[in-house]
Number of protein chains: 2
Amino acid sequence: MAKGSATIYDVAEVACVSIATVSRVLNDSANVRADTRDRVHAAIKQLHFVPSTAARSLSGGRRGAIGLAYPLDEERTVATPSREDDASVLYTDAIIRGASWQASQLGYSLFACAVRIGGNNDAHPLHQLSSAVDGIILTDRVVNNVKAMRIAKRMHAVHLSGSGSSRFGGTIRVDNSGGISALVRHLADVHGTRNFGFVGGIPDSPDATARFDAVVSSVTEVGGRLDPENVLVGDFSLARAEAAIEERLRHDTSLPDVFVCANDQMALGVVRVLRDNGHHVPDKILVTGFDDIPVAGQIYPTLTTVTQPSFELGVAAVNMVIGLLDGEVAVGAIEILPTTLVVRGSCGCPIERSPR
Amino acid sequence: MAKGSATIYDVAEVACVSIATVSRVLNDSANVRADTRDRVHAAIKQLHFVPSTAARSLSGGRRGAIGLAYPLDEERTVATPSREDDASVLYTDAIIRGASWQASQLGYSLFACAVRIGGNNDAHPLHQLSSAVDGIILTDRVVNNVKAMRIAKRMHAVHLSGSGSSRFGGTIRVDNSGGISALVRHLADVHGTRNFGFVGGIPDSPDATARFDAVVSSVTEVGGRLDPENVLVGDFSLARAEAAIEERLRHDTSLPDVFVCANDQMALGVVRVLRDNGHHVPDKILVTGFDDIPVAGQIYPTLTTVTQPSFELGVAAVNMVIGLLDGEVAVGAIEILPTTLVVRGSCGCPIERSPR
DNA sequence: ACTTACATTGTAAGCACTTTCAGAGACGGT
DNA sequence: ACCGTCTCTGAAAGTGCTTACAATGTAAGT
């Protein structure tokens, strides 16, 4: 970096000690006499000295920074995202905000870096990032990347992932199954639902599969059924979900009691298509979402869904990386954050007026 | 980073060349025979070698990354920000997305780092960031930071700011005056407005003053007037704008034809207060905003405003940093991005139905 | 065949730190 | 006064890369 900034040698000279001593003060190792330490600190302040992260990391020390890699939107996203379609962006942003906040609290810096998930170029941002930080946080879709695996094997990493776990680092996930289970129980207990349908997300997304699995087991648990023709495949997008439900309607009009959707965007599409085809929600059929995006409480019918603690996810991830770094968290640790059922109108519950 | 990853020595050994040659291939400097180059590339691929950014940057080479520093929200922001109040968050996110996208296009990585703007601790994230990247982008509020100044003096930096220009790097700003001018002309030409009013932002905000100055000169240009009692002082917040307009209403009810507001949030407040006091917008009086926040097109009346190209701001910033790095952009350069008038209902134009 | 210029490659000196190892005081016990 | 034991400090060896400089090889010109 910086041309002409002070080095450890300059500090050593001013403080009349060796660079080794300066280094000790910097890493506040024990065994430096108090007045020596003070002298060094004074010199540091005087010279506005800041240790070079590059050199520090080359020689094996800590960088004091942790990285967070999230998927880069391939297309050139518009400046002000439409509110419905950009829930995933908001979700990621919330995680980043949480992570930044917690890192800052703990005296670390948080570098967030968007990585092109398909990319295979050699100067991969993931590598750049990993060599600039002490530990790394990988969000859902980034995890399934060969490069990511290699990196995780080599440095402390925590995966923010819906399923599976990392043999090489820690894993934090949101309690998809608990949320789904609460949702299904609510549907069964309060609304007497028995015949379930499901609109899934991208098959290779761990969150998507976790939610699907949870639906399967919860439905079994409450003694309901989930017929194969009522399991639709989406990709988390509103458009794809609309297409899927339209397709479903063409084939057979005897519908399940409810369509549980793997996220809110898809639920919005499903509601719209159903209504356009005369299946009023929630009078004729129920629909639920997942995520609790901002619009979920604003549309008609308000959407029954499950909230994820995205900010807390970021906080927890930072805590775990640092724990890993300090050896206080064991490799392979898994932490699961609670989700909360948010009951609104689309499951047939009476609709509250929104506060404003 | 990484324990046990291949080094340049390993590659050199496999390819039967010296490390210098490997380095030349890596930085594709000329003067390496074709078959030697191939041999090295093969070795690199075989060993999954990735050069250590730390070592590379230590020895003066490029890191291949650029940094972006933005202000950290001091309070623990909630996961899903309220839609009206968090325009600034969305704005920053859009810039980051633009910068990430462009950096990726150009083969760079973009590290975004939130910095506590008041913070004065020594392990300042700004330093960490700056030593991990080749150049740095500083957003508005980060610029006015002593540390930031010191860093800008020492490494290539571009400032995203309405404020003056950086003597040490480049500056990119949005064309406040062009946007205001187009807006004022529209009001004068299409709606015959002559008697203007203005609700300003924080007096010490460069954007606020730029917008005010632009209003003054544009109004003069179209032969309109801007009476002192119709120039209200806000602080960019909805609440403060409501207070200001209420105050104005108490004193004198002969209002101007329009209130041009320095941002959308204030416009929302002004519209609300005016309507509550019987001055219907746009029938009795017109109101315009600035920024085009997401709600602007969703409320009634839809808000006539000016769009800032936030995504493009990020793109331009990355281009400029890299230009600075490559010596193709001169230090002290200023680039001004165009703004676009968005005509909607609150200026009296017919309200289009939104597409859905 | 013998310069000469030039293309290619190797050698080695940094770059700014951390850390091991060993040496130098200090201090109490004998 | 001497020895063992601490505590503190310095010298020096990495850490992985870039690059100036030197050395070698190669082809063209005489």
Side-chain angles (χ1 to χ4, degrees), chain A residues 1-40 43-44 47-65 123 127-128 130-132 134 154-155, chain B residues 1-40 43-44 47-65 123 127-128 130-132 134 154-155:
Chain A
M1 70 164 235
K3 348 141 197 183
S5 42
T7 74
I8 201 174
Y9 292 93
D10 302 325
V11 175
E13 195 174 329
V14 170
C16 300
V17 294
S18 73
I19 59 165
T21 302
V22 177
S23 178
R24 286 190 192 99
V25 173
L26 252 29
N27 301 286
D28 45 39
S29 86
N31 298 342
V32 176
R33 215 194 306 144
D35 64 310
T36 311
R37 186 195 314 278
D38 292 346
R39 215 148 17 96
V40 171
I44 288 174
L47 296 170
H48 298 304
F49 167 75
V50 180
S52 145
T53 353
R56 173 171 272 184
S57 78
L58 217 208
S59 65
R62 287 252 182 119
R63 292 154 202 71
H127 280 123
Q128 317 259 27
S130 69
S131 74
D134 295 322
R154 293 192 163 147
M155 85 185 304
Chain B
M1 71 162 229
K3 343 136 200 185
S5 46
T7 74
I8 201 174
Y9 292 94
D10 303 325
V11 175
E13 195 173 328
V14 170
C16 299
V17 294
S18 74
I19 59 164
T21 301
V22 176
S23 177
R24 286 188 193 101
V25 172
L26 251 31
N27 301 285
D28 46 36
S29 90
N31 300 341
V32 176
R33 217 194 305 147
D35 65 308
T36 311
R37 188 194 314 278
D38 292 345
R39 212 149 18 98
V40 172
I44 288 175
L47 297 171
H48 297 303
F49 167 75
V50 181
S52 144
T53 352
R56 174 172 272 185
S57 79
L58 218 207
S59 65
R62 288 256 180 111
R63 294 154 200 70
H127 280 124
Q128 317 258 27
S130 69
S131 72
D134 295 321
R154 292 194 164 143
M155 83 184 307

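So you know, we letter chains A, B, ... as the sequences are listed, proteins then strands, and number each from 1.
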Measure the distance from [atom1] on [X] to [atom2] on [N] and round it to the nearest whole Å.
{"X": "Ile19(A)", "N": "dG10(D)", "atom1": "CD1", "atom2": "P", "answer": "11 Å"}
{"X": "Arg63(A)", "N": "dG16(D)", "atom1": "CZ", "atom2": "P", "answer": "12 Å"}
{"X": "Leu58(A)", "N": "dA13(D)", "atom1": "CG", "atom2": "P", "answer": "18 Å"}
{"X": "Arg37(B)", "N": "dA7(C)", "atom1": "CZ", "atom2": "P", "answer": "14 Å"}
{"X": "Glu13(A)", "N": "dA16(C)", "atom1": "CD", "atom2": "P", "answer": "14 Å"}
{"X": "Asp134(B)", "N": "dT18(D)", "atom1": "CG", "atom2": "C1'", "answer": "14 Å"}
{"X": "Leu47(A)", "N": "dC17(C)", "atom1": "CG", "atom2": "C1'", "answer": "16 Å"}

>> Before you tell me yes or no, could you show the steps for Ile44(B) and Leu26(B) under side-chain contact (heavy atoms from CB on, under 4.5 Å), namely the whole-Å CA-CA distance, both residues' side-chain angles and the distance that decides it to 0.1 Å?
In response: CA-CA 10 Å; Ile44(B) 288 175; Leu26(B) 251 31; 3.4 Å; yes
> Is there a side-chain contact between Asn27(A) and Arg56(A), using heavy atoms and a 4.5 Å cut-off?
Replying inline: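 They are in side-chain contact.
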Which of the following nucleotides, [options], is nearest to the side chain of [X]?
{"X": "Pro51(A)", "options": "dA12(C), dG16(D), dC17(C)", "value": "dC17(C)"}
{"X": "Ala20(B)", "options": "dG10(D), dG10(C), dC17(D)", "value": "dG10(C)"}
{"X": "Thr36(B)", "options": "dG16(D), dG10(C), dT9(C)", "value": "dT9(C)"}

>> The test is side-chain contact (heavy atoms from CB on, under 4.5 Å); show your working for Val17(A) and Arg39(A) and say whether it passes.
In response: CA-CA 9 Å; Val17(A) 294; Arg39(A) 215 148 17 96; 3.9 Å; yes
>> Exactly one of Val32(B), Val25(B), Asp35(B) should register a side chain to side chain contact (heavy atoms under 4.5 Å, CB included) with Val40(B). Which one does?
In response: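 The option that passes is Val25(B).
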Using a cut-off of 4.0 Å on non-hydrogen atoms, how would the nucleic acid contact of [X] be classed: base, sugar-phosphate, or nothing?
{"X": "Val17(B)", "result": "sugar-phosphate"}
{"X": "Thr21(A)", "result": "sugar-phosphate"}
{"X": "Val32(A)", "result": "sugar-phosphate"}
{"X": "Ser23(B)", "result": "base"}

At what distance, to the nearest 0.5 angstrom, does [atom1] of [X] lie from [atom2] of [Y]?
{"X": "Ser23(B)", "Y": "Ile8(B)", "atom1": "OG", "atom2": "CD1", "answer": "5.0 Å"}
{"X": "Gln128(B)", "Y": "Ser52(A)", "atom1": "CD", "atom2": "OG", "answer": "11.0 Å"}
{"X": "Leu58(B)", "Y": "Ser57(A)", "atom1": "CG", "atom2": "OG", "answer": "7.5 Å"}

> Given dT7(D), is OP1 or OP2 found less than 4.0 Å from the side-chain N or O atoms of Asn31(A)?
Replying inline: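 No, because none of the side-chain N or O atoms of Asn31(A) sits under 4.0 Å from OP1 or OP2 of dT7(D).
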> Counting just side-chain N and O atoms, does Arg33(A) come under 4.0 Å of either OP1 or OP2 of dT9(D)?
Replying inline: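 Yes, such a contact exists.
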> Does the dG10(C) base have a donor-acceptor partner in the side chain of Arg24(B) within less than 3.5 Å?
Replying inline: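 By the distance-only test, yes, there is a pair.
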> Below 3.5 Å, does any donor atom in the side chain of Ser59(B) face an acceptor in the base of dC15(C), or the other way round?
Replying inline: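 No such pair is found, so the answer is no.
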>> Using five base pairs at each end to define the local axes, how bent is the helix from dA1(C)-dT30(D) to dT30(C)-dA1(D), to the nearest 10°?
In response: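 It works out to 50° between the end axes.
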